[in-house]
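Let me begin by presenting the structure, written as structure tokens, before commenting on it.
Note on naming: letters A, B, ... go to the chains in the order of the sequence lines (proteins, then strands), and numbering restarts at 1 for each one.
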2 protein chains.
Amino acid sequence: MLTHGPMTGYRLREEIGSSVGHFWQESFGQLYPTLSRLEDEGLVRRAEGEGRSSPFELTDAGREALRAWLAAEPESLSPGRNELLLQVFFGRHAPPGVLRGHLDRHRARLEAARDSYRDLERLVAAQDSPDRTYWLVTVRHGLAHVEAGLGWHAEAVALLDEEMP
Amino acid sequence: MLTHGPMTGYRLREEIGSSVGHFWQESFGQLYPTLSRLEDEGLVRRAEGEGRSSPFELTDAGREALRAWLAAEPESLSPGRNELLLQVFFGRHAPPGVLRGHLDRHRARLEAARDSYRDLERLVAAQDSPDRTYWLVTVRHGLAHVEAGLGWHAEAVALLDEEMP
DNA sequence: CCCCGCATGTAATAGGTTACATGATTGG
DNA sequence: CCAATCATGTAACCTATTACATGCGGGG
């Protein structure tokens, strides 16, 4: 994230939240110790602090480490846990109507997410930055999955309605 | 999972892996302590052990707890972390071709996952169980998301190829 | 002058995985 | 009889979140 320019840890977290927040997040309890470690390893250094704070900036070694990380095979993301799906799986034992409620509230969350992805898409598409296409691709990922979720919802409701009319 | 019948902890984990494994997984280090806790709480009990092992079975209180959990609002799943997307986001700094390699290997993994979901779908669709529809819905979820991922891959490659022809 | 936002950090805790240790049973 | 599988559990470790503690500076 420091390729965007020198930043304090606090600022860094804001930047993370407003750009890669949909698929990556860091807490302060993680950020500050990590920054110290990176400083020890010579990958970042404290820039001249104008005012009170001391922002961090990338060193040449840091830029090199970034390139190395980009070339490394990404951790194939584990499926993670999805409690809603677990409830669907055992749905036969649920009181009537309960599952439908879970699914409909899920759809509402997906629709809200779709709206915010669309806003973000417009925002990214409009800007003139060398990063533009890369960022757009990550937004399209979010959008594609949210839309898949909405399609699944419709199908799920149809299938389950047959079951218990 | 004990609604399927009494089971040992070992068996339970196998069952988890082969049914809800795509969206939920448990390790032994988690399973055995949890079973002990559930026994203390009176939600499961050790069934008559035919042979060496002592399988667990649901108590009435356990079945009631299952219904209560099914009615509870599911933990809205956190976005999680996706290292591939992070690499795409910072892709401008990557050596040429590297990103494309990551994406193509990702596609191969998705295609393999799609195949195994399709197999599973046939398997579930063919069986005659009161749980059939519920299970099918969870499989369709996996399939929908894998297919969304494949669509995204094609789009991503197209967008990035414009960028660096 | 007081509150809010910027800023840094630590401690407690949670949640989970991996590795280790152990032993019984069974099929080849 | 030996290897693989079934079976149970614990200990170490790791990763990350939450809460807590602290302080500065600027605007109302």
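Residues B/N82 and A/H141 approach most closely at ND2-CE1, 4.1 Å, considering heavy atoms.
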Close N/O contacts between protein and nucleotides 17-19 of chain C (under 3.5 Å):
from: C/dT17; atom 1: OP2; to: B/S27; atom 2: OG; distance (Å): 2.8

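Salt bridge annotation for A/E39-A/R46: present, with a cationic side-chain nitrogen under 4.0 angstrom from a carboxylate oxygen. With respect to B/R100 and B/D104, a salt bridge is recorded, a charged nitrogen being found less than 4.0 Å from a carboxylate O.
With a 6.0 Å cutoff to the six-membered ring centre and a 45° limit on the axis angle, A/R13 counts as a cation-pi contact of A/F28.
Taking atom CZ on B/R37 and atom P on C/dA14, their separation rounds to 13 Å, with Å as the unit. Rounded to an integer number of Å, the gap from A/R13 CZ to D/dT18 P is 9 Å. Atom CD of A/E75 is separated from atom C1' of D/dT15 by 12 Å (rounded to the nearest Å). The nearest whole Å value for the distance from the CD atom in A/E15 to the C1' atom in C/dA7 is 16 Å. One atom, CG of B/L31, and another, C1' of C/dG16, lie 12 Å apart when rounded to the nearest Å. Atoms CD (B/E39) and P (D/dT8) sit 11 Å apart, rounded to a whole Å. Atoms CG (B/L35) and P (D/dT8) sit 8 Å apart, rounded to a whole Å.
Among the nucleotides C/dA7, C/dT10, D/dG9, the one closest to the side chain of B/Y32 is D/dG9.
Remark: side-chain polar atoms of A/T59 are paired, donor with acceptor, to backbone N or O of A/L43 under 3.5 angstrom.
Each of B/E14 and B/P33 was matched to the nucleotide of DNA chain D holding its nearest heavy atom; the match closer to the 5' end belongs to B/E14.
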Just list the side-chain donor-acceptor pairs under 3.5 Å for residues 112-121 of chain A, sequence neighbours left out, or say none.
from: A/S116; atom 1: OG; to: A/A113; atom 2: O; distance (Å): 3.1
from: A/D119; atom 1: OD1; to: A/R122; atom 2: NH2; distance (Å): 3.0
from: A/E121; atom 1: OE2; to: A/R140; atom 2: NH1; distance (Å): 2.6

